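These notes are about the structure you will find just below.
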Amino acid sequence: MTDEALETQEIDAKRLKSLIGLTAGQLGPRAYAAINGLLLTLLVGSHQKSALGVTFAITSGRLLNWITYPLIGRLSDKGGGKIGRRAPFMGISLIVMGICVALFPSAPSYWALVGLIVIVRQANAVLTITGVAVVPETVGRSRWIKTILVMVIGAVMVSVAIKGTVLETWDQSKVSTWSAPFHLAGLLMVIAGLLVLFTVREATAALEVAQRDKKESKHLRDDIKVIFKQPGASVLAAGAFIFWAGIGGTISLSALFYEKECHASASAQTVAGVLGGLAAVFLGIPIGYWIARRVKRRTIAILAPIGGTVLLGSQFFITSIWQSVGLSAIGAPLLMAYLIAIGPLMARLLPSSGGLGERFGVLLSPFTFVSVVTGFMASVLVDHMNHQYKWIWLFPAVAGILQSLVMIGLRIPEANTKVKSLKSLRKAIKSFRLRSKNTPSTLIGGTVTAEDADGTLLFDHIRNWVSNSLDESINEEKREQETKIIDETSN
């Protein structure tokens, strides 16, 4: 057997083990997500009756995350060792998270629980950044979508298992029955962390990307200047921050709102969350796309937030969680239409320098900060209003009005006023996934080139595709106008 064949087999075996490890690694975040919102909020609420106290516990780690995200990204970009740049960060953070999550139900006091949450939040920040960056550096950018699909299958199984445990064991009136989902999630995270450490290995070509990231110096101020030179950048950024500020006012306390105001148990909230997700997929996406194709972008940018104000403001008056599910089903198409219409314009604001970890960290940082601030504001308001949790819906309702007013200032070239078909998007995905002739399309076959291992090209490709797509529309309109003038002159 030739040396080349031996090398190919070795690469295949390493990538197969890495794929198993990556899939296991995603089981950890899914397990954490399953307990992080609803279940953790209810657990904290059993220790602390003050809305401010609950918000402080839930967001205590995020008080630091808006600073640590970029730092973690940069540290992992410039790190490296025998098992790669990302795997050590992922594996250790998963193990730490698993141990702490398993200890959540047995925390003897409120402050002990807060301490555990802070540790978990910081470990999760590490996992979030490195978990995104590791995929292209292990299997290649051209196989990114296939890898994510494999990982999602495992993640869904974990989510179903934990939700099933909640439905089977959780008694809202007995805190002693709340331990099972936390213990299961913790165990899964520890196992996932060990599998990542022993199996995930970056492609050899990723070393070239790592060396480049170590040498590259990044100046955030210069990057911000480049971003805000884009057309409409200040309006789009302001709109995004206002939107996320409104959401931040409800994230920490919505579970307690449904428990206190709507008398919904964890089981009922779990089922409602699943139904809301299904509504977003099967109603939001198709109807939202239909709206985006027929209504001008600027009109959607102004009216969709107003629609959100009406729907989220209506939450103030509901008495049943199923009424909330109905409102979310109505609002899903508006949200999707907004994302489809305005998302491509906002893609121009993606960070343009640094390694993949640092770019992702810089992207997350400001949104984390603004959501924490409004979360605390909402908790203070709830406490001031004698623990009436319905007041949290004031924040997204007001944010919708402010966002609509800001979007009035958005100016879009006439050629781009409406969303075109998905033809250009399909073309962009195809070009993004182009690989060399010597690289097979199988998930575990062939080699990974340095270009294929460079995840930063995802940011560059999206930004360039958006710019080119919008510019092509403008040029096409100019050509049509010139043709029309020529025809009129000839006649």
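Hydrogens, waters and symmetry mates are skipped; everything else that's a heavy atom, side chains included, is used. Everything numeric in this text was worked out from a predicted model, so none of it was measured.
- Closest non-hydrogen pair, Ala57 versus Val44, comes out as CB-CG1, 3.6 Å.
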Kindly determine whether Met407 and Tyr338 satisfy side-chain contact (heavy atoms from CB on, under 4.5 Å), including the steps that lead there. CA-CA 12 Å; Met407 286 298 172; Tyr338 185 90; 3.0 Å; yes
Test side-chain contact (heavy atoms from CB on, under 4.5 Å) on Gln388 and Lys260 and set out the steps. CA-CA 8 Å; Gln388 296 183 54; Lys260 307 294 185 184; over 6 Å; no
Chi angles and distances behind the side-chain contact (heavy atoms from CB on, under 4.5 Å) call for Trp393, Leu311: CA-CA 10 Å; Trp393 302 108; Leu311 293 171; over 6 Å; no
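- If you take CD1 on Ile129 and CE on Met90, they are separated by 12.0 Å, rounding to the nearest 0.5 Å.
- Within the 4.5 Å cutoff, the side chain of Pro366 has heavy atoms near those of the Phe241 side chain.
- Among all heavy-atom pairs drawn from Val196 and Ala87, the shortest one is CG1-O, 3.8 Å.
- At a threshold of 4.5 Å between non-hydrogen side-chain atoms, the residues Glu259 and Gln269 count as touching.
- In this structure, Ile117 CD1 and Leu40 CG are separated by 4.5 Å, a value rounded to the nearest 0.5 Å.
- Side-chain contact between Arg297 and Leu345 is present, with at least one heavy-atom pair separated by less than 4.5 Å.
- Side-chain atoms of Pro396 and Thr250, non-hydrogen and from C-beta on, do get closer than 4.5 Å to each other.
- Annotation for Gly239 and Val406: closest pair N-CG1, 4.2 Å, computed over non-hydrogen atoms.
- Considering only residues two or more places apart in sequence or on other chains, Phe395 meets the side-chain contact (heavy atoms from CB on, under 4.5 Å) condition with Met377, Ala378, Leu381.
- Without hydrogens or angle criteria, Arg298 side chain to Arg411 main chain gives no donor-acceptor distance under 3.5 Å.
- Residues Tyr289 and Met336 form no side-chain contact, since every pair of their non-hydrogen atoms from C-beta on lies 4.5 Å or further apart.
- Val380 meets the side-chain contact (heavy atoms from CB on, under 4.5 Å) test with Leu52; sequence neighbours excluded.
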Residues Leu278, Phe282; criterion side-chain contact (heavy atoms from CB on, under 4.5 Å); working and verdict: CA-CA 6 Å; Leu278 293 175; Phe282 293 106; 3.8 Å; yes
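- Side-chain contact between Val373 and Val370 is absent, with no heavy atoms from C-beta onward closer than 4.5 Å.
- Among residues at least two apart or in separate chains, side-chain hydrogen bond (donor to acceptor under 3.5 Å, both in side chains) pairs with a member in residues 302-316 are Tyr258-Gln315, Gln315-Ser324.
- In plain terms, the two heavy atoms of Gly375 and Thr55 that are nearest each other are O-CG2, 3.5 Å.
- Here Phe316 pairs with Lys390, Trp391 under the side-chain contact (heavy atoms from CB on, under 4.5 Å) rule; sequence neighbours left out.
- Atoms CD1 and CG, from Ile306 and Leu334 in turn, are 11.5 Å apart once rounded to the nearest 0.5 Å.
- Rounded to the nearest 0.5 Å, atoms CG (Leu253) and CD1 (Ile58) are 8.5 Å apart.
- A 4.5 Å side-chain heavy-atom check between Phe257 and Val382 finds every atom pair outside the cut-off.
- Shown here for Ala292 and Ile340, the closest heavy-atom pair between the two residues is CB-CG2, 3.7 Å.
- Looking at heavy atoms from C-beta onward, His263 lies out of side-chain contact with Ser320 at the 4.5 angstrom threshold.
- Evaluation of the side-chain hydrogen bond (donor to acceptor under 3.5 Å, both in side chains) test over residues 373-385, restricted to residues two or more places apart or in two chains, returns Ser50-Asp383, Asp383-His387.
- To the nearest 0.5 Å, atoms CD1 (Ile321) and CD (Glu261) are separated by 12.5 Å.
- Considering every non-hydrogen atom in both Ile287 and Pro333, the closest pair reads CG2-CB, 3.6 Å.
- The side-chain contact (heavy atoms from CB on, under 4.5 Å) search around Ser93 returns Ala123, Val126, Leu127, not counting sequence neighbours.
- The structure places OG1 of Thr270 at 11.0 Å from CG of Leu275, a figure rounded to the nearest 0.5 Å.
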